[in-house]
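Reckoned from all heavy atoms, side chains included, excluding hydrogens, waters and symmetry mates.
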Amino acid sequence: MSAESMPEPIPQTGAQEPGRGGRGRRRKPRSTGRKALLATAWTAAGVLVLGGAGAGYLYFKLNGNLHSVDINQVLGKDRPTKIDNGSENILVLGSDTRAGTNKKLGGGTDDGSARSDTAMIVHVYEGHKKASVVSIPRDTLVDRPACTDTKGTTHPAANSVMFNEAYSTGGAACAVKSVEALTGIRMDHYLEVDFAGFQKLIDDLGGVPVTTTRAIADPQSHLDLKAGTHTLDGQQALGLVRTRHGVGDGSDLGRIQLQQAFVKALLGQVKNVGVFSDPKKLYDLADTATKAVTTDSDLGSVNSLIDFADGLKGIDARHMTMVTVPVRYDPANPNRVLLEKSKARLVWDALKNDRPIPASAKGTATGEAGGVVSG
């Protein structure tokens, strides 16, 4: 049986993201197709909680939208031990396939490949009232372990490769394997969203209000915002989370800072939008969310995803800490970053022991785009 599968339909039920400093340096431009997609998966899951409020009769159709990957089957027992302290760790990836609708949005060549330029470990603390989100830059050089993809193909280990190479080599299973090898922490769940789904989700929400402290102009991501308050539509939001050259030092780190700020604004909008009084909006959101995400098989049905999301709905932006794993610029290549291993270990130890991430766990490479966007 293939490890990658569509979930079975379920019966109808009742209603109910030591080197020199990077100041002022610009990174080389990247193909528009290789842009980060971003942590919409969290919000997509949250939208499904709203679906549980009055769309039980739609479960059959929505369940057919979902796609899942059996991570547990592929990885087997060669994984970190699951920590039973009431917390959960979720790997959230943004995927950038070059096929179909995404080709139009992202440009570039439809070479049949897929990439993940956004990776966030979401740690939900015991009690599910607080969370920490740790972004891993795609440009981080890591040693990738040998891994097997969902088609059964084994890929040999590789040293000093970009972090996102794991996903482009072996898909979701290799990405999870690499994160677990890097952190020593078992990922309880996996969520992936593509940028076509991200754009439509923002439009279905009616846009997301943000405030920018300076103008952001980046022709490569088709973004042109003046300083001030804006309600971003899907295309503008996609441009914001993809931009590297419009603000900061031109690195992936600056883009991550914009992404993290936008995720907080997005969470606020999900809570504020009036879906309970608008059945069509409710359905559109649930339909888009289920089409946009790929999950691990444990979350591969609408019932399971709603139960999971229901456990997250008490977490809002005020109780969410967002950081980037501590890195420094690679002195041999300014387009790459290296882990600051002792500081990164502070992050992993904190998550493993369900503790707050210490303020001392900060890298010397920052991206220089902090504070540019707020919700």
Side-chain angles (χ1 to χ4, degrees), residues 3-4 30-31 33-39 41 67-80 89-99 102 111-123 133-195 252-253 255-256 259 293-297 324-327 330 333 335-339 341 344 347-348 351:
E4 195 163 336
R30 294 228 165 77
S31 159
R34 301 187 52 148
K35 303 298 182 180
L37 298 212
L38 170 107
H67 186 245
S68 65
V69 180
D70 195 339
I71 301 290
N72 292 331
Q73 177 186 322
V74 177
L75 297 187
K77 295 182 179 180
D78 185 20
R79 304 179 66 185
N89 295 291
I90 305 109
L91 177 61
V92 178
L93 294 185
S95 67
D96 182 3
T97 178
R98 302 313 316 128
N102 284 352
D111 57 7
S113 66
R115 305 174 182 90
S116 175
D117 289 350
T118 297
M120 296 181 176
I121 299 171
V122 179
H123 177 84
V133 180
V134 182
S135 296
I136 304 176
R138 50 153 282 170
D139 295 338
T140 308
L141 295 179
V142 299
D143 294 334
R144 177 179 58 75
C147 61
T148 302
D149 62 30
T150 56
K151 297 179 180 178
T153 303
T154 298
H155 303 273
N159 296 325
S160 195
V161 295
M162 284 175 58
F163 170 78
N164 72 340
E165 187 258 12
Y167 181 88
S168 59
T169 296
C174 284
V176 172
K177 180 86 170 180
S178 294
V179 169
E180 292 185 343
L182 183 69
T183 64
I185 301 170
R186 187 184 181 104
M187 295 295 108
D188 299 297
H189 293 297
Y190 171 82
L191 283 169
E192 177 186 327
V193 64
D194 70 19
F195 65 66
D252 191 47
L253 299 170
R255 176 169 60 187
I256 285 172
Q259 291 173 355
V293 297
T294 298
T295 73
D296 64 276
S297 56
T324 301
V325 65
V327 292
D330 180 3
N333 184 348
N335 295 311
R336 303 289 179 263
V337 294
L338 305 172
L339 282 178
K341 293 184 178 180
V347 175
W348 312 141
L351 301 190

Check: Val69 main-chain N/O paired with Asp296 side-chain donor or acceptor under 3.5 Å: no

Which residues share a salt bridge (Lys or Arg N to Asp or Glu O under 4.0 Å) with Arg79, sequence neighbours left out: Glu180

Closest non-hydrogen atom pair between Ala166 and Cys174, with its separation: O-CB, 3.4 Å

Test side-chain contact (heavy atoms from CB on, under 4.5 Å) applied to Val337 and Asp252, Val325, Leu141, Val327, the passing residue: Val327

No-hydrogen, no-angle side-chain donor-acceptor test under 3.5 Å, Ser68 and Thr295: no

Asp139 side, atom CG; Leu253 side, atom CG - distance, nearest 0.5 Å: 7.5 Å

Student check: side-chain heavy atoms of Thr183 and Ile121 closer than 4.5 Å: yes

Heavy-atom pair with the smallest gap, counting every atom of Leu93 and Tyr167: CD1-CD1, 3.7 Å

CE on Met187 to CG on Asn89, rounded to 0.5 Å: 4.5 Å

Atom of Ala181, atom of Pro145 and distance for their closest heavy-atom approach: CB-CG, 3.9 Å

Approximate separation, where rounding is to 0.5 Å, of Asp188 CG and Ile71 CD1: 12.5 Å

Minimal non-hydrogen separation, Pro137 against Phe163, with atom names: O-CB, 3.8 Å

Closest non-hydrogen atom pair between Val161 and Ala158, with its separation: CG1-CB, 3.8 Å

Any side-chain heavy-atom pair of Lys177 and Leu75 under 4.5 Å: yes

Value rounded to 0.5 Å, distance of OG1 in Thr140 from CG in Leu182: 8.0 Å

Separation of Ser160 OG from Arg144 CZ (nearest 0.5 Å): 12.5 Å

Side chain Thr153, main chain Asp149, donor-acceptor under 3.5 Å: no

Smallest separation among heavy atoms of Ser297 and Asp70, with atom names: OG-OD1, 3.4 Å

Between CG on residue Asn164 and OG on residue Ser178, distance to nearest 0.5 Å: 10.5 Å

